[in-house]
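Each remark here refers to the structure printed beneath this line.
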Amino acid sequence: MTPLLCFIYSYTKSFPRPGESVVGASFEAGPGGKGANQASQIARLGGRVIMIGRVGSDIFAPVNIESMKQSGVITDYIEKDPVVNTATAMITVTSEGENSIVVTLGANLELSAQRAEEMEPVIAKSKIMLCQYEIKFPALKKALEVAKRNNVKTFFNFAPGVPDFDKDVLKLVDYLCTNENETEFLSGMEVHSIDDAKKAAKYLLGFVTTAVVVTLGGKGAVLATPNEVKYIPAKPVKAVDTTGAGDSFCGALAYLLVYKPELPLEEQVQRACFVASISVQSKGTQTSYPYAKDLPEEWL
Ligand code: ADP
């Protein structure tokens with residue numbers, strides 16, 4: 001149960017004032033959305049992944065679907081909304097590097113709890129269900145319930161974080177992954193250091209069944225399990241564009257949970273960090289995600 005979204009970037013000298021038109025220097029549009037990104041990363045690593053999502057009937061829908069297909073994602077269960085448009089993020093970037101963003105979640109918000117019920121036969125045959133939070137709460141909750149009643153493992157990436165999230169639903173979650181901001185939203189604790197992240201991860205572990213991972217950008221991640229809370233450093237790299245690093249990480253970790261179950265969780269998190277560290281070394285989101293062939297042999 002995952003979200004799709006298209007990005008539209010306009011590069012201008014300055015932001016338009018209300019009522020003003022400014023001439024843009026350049027324009028870019030591309031696919032995105034946390035679910036679409038994560039599914040693409042899984043497929044690029046060689047995983048079989050089915051996307052359950054919703055787009056509009058507009059010009060952005062094929063861009064998103066085509067991009068996922070090219071990575072190898074199964075897109076047959078993505079619904080097309082006849083009325084509401086595909087989710088978009090309109091980003092204006094000035095020559096000073098400032099940005100302003102309007103996100104419209106559009107068709108993502110029309111993905112319903114009923115759709116989660118309808119998808120039960122598909123979810124039931126899966127090894128893991130990976131969810132994000134760019135959809136409505138009832139749809140998320142129902143999808144988690146459907147997975148759990150079919151003994152399917154659940155992985156929830158609480159992104160983007162929001163305040164006042166009902167943590168009771170986390171009892172349906174096996175693996176929880178949050179970045180620093182999302183961790184603060186969910187735990188109500190400030191996260192400025194690795195020690196802060198460890199404390200928050202330990203606290204959040206009390207709400208889920210198996211493990212909590214807090215990602216810390218270039219610093220790596222913290223993994224909390226009932227046995228221990230451990231810091232896992234990231235490989236130092238020259239980062240060019242960190243957009244979508246968290247999605248690369250979640251996709252890689254979900255892949256490893258299913259396809260490398262023999263590895264200890266700590267090793268799986270370390271390898272997911274490695275995959276995400278590749279993604280930050282080139283521009284773009286889905287396009288920066290590595291394929292299996294881009295990884296060292298010992299990784300596979
Ligand atoms: P999000 O994109 O959700 O904010 P993070 O910024 O925490 O997520 O990044 C997710 C993961 O990507 C990190 O745990 C790390 O493994 C990797 N990563 C992110 N930024 C860098 C970086 N500058 N250098 C190396 N790895 C990075």
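All ligand and atom numbering here is 1-based and tracks the order in the structure.
Contact annotation for K235 and ligand 1: only backbone heavy atoms (N, CA, C, O) come within less than 4.0 Å of the ligand. Residue contacts with ligand 1 for L216 involve N, CA, C or O but no side-chain atom from C-beta outward (heavy atoms, distance under 4.0 Å). Counting heavy atoms closer than 4.0 Å to ligand 1, residue C273 contributes atoms from both its backbone and its side chain. Using a 4.0 Å cut-off between heavy atoms, V237 contacts ligand 1 through its side chain alone, with no backbone atom that close.
The side-chain tip of K235 does not point at the ring of F274 from less than 6.0 angstrom away and within 45° of straight on.
Scanning all protein heavy atoms for the shortest distance to atom 2 (O) of ligand 1 gives G246 N, 2.9 Å. In this structure, atom 12 (O) of ligand 1 lies nearest to the protein heavy atom A276 CB, 3.2 Å. For atom 22 (C) of ligand 1, the nearest protein heavy atom (residue, atom name, distance) is G218 CA, 3.4 Å. When hydrogens are left out, the protein atom nearest atom 13 (C) of ligand 1 is G217 O, 3.3 Å; that is the closest non-hydrogen contact. In terms of protein heavy-atom proximity, atom 4 (O) of ligand 1 is closest to N179 ND2, 3.0 Å. Counting only heavy atoms of the protein, atom 14 (O) of ligand 1 lies nearest to G220 O, 2.8 Å.
For the pair I50/V122, a side-chain contact is recorded, criterion being any heavy-atom separation below 4.5 Å from C-beta on.
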For residues 19-31, run the donor-acceptor check on the side chains, cut-off 3.5 Å, and write out each pair with its distance to 0.1 Å, sequence neighbours left out.
| unit_1 | atom_1 | unit_2 | atom_2 | d |
| --- | --- | --- | --- | --- |
| E20 | OE1 | R17 | N | 2.8 |

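With hydrogens and angles left out, the side-chain atoms of Q270 and E266 include no donor and acceptor closer than 3.5 Å.
The shortest N or O to N or O distance between G244 and ligand 1 is not under 3.5 Å. By the 3.5 Å distance cut-off applied to N or O atoms, T215 is counted among the residues near ligand 1.
Surrounding CD of E267 are more than 12 heavy atoms belonging to other residues, nucleotides or ligands, all under 6.0 Å away. More than 12 heavy atoms of other residues, nucleotides or ligands shown are found within 6.0 angstrom of NZ on K167. More than 12 heavy atoms of other shown residues, nucleotides or ligands fall within 6.0 angstrom of atom CZ in R149.
Atoms SG and CZ, from C177 and F156 in turn, are 10.5 Å apart once rounded to the nearest 0.5 Å.
Qualifying ring pair (Phe, Tyr, Trp, His ring centres under 6.0 Å) partners for F137, counting only residues two or more places apart in sequence or in other chains: F165.
Contact atoms of ligand 1 toward A239: 23 (N) (distance under 4.0 Å to a heavy atom of the residue). Ligand 1 places these atoms under 4.0 Å from at least one heavy atom of S277: 25 (C), 26 (N).
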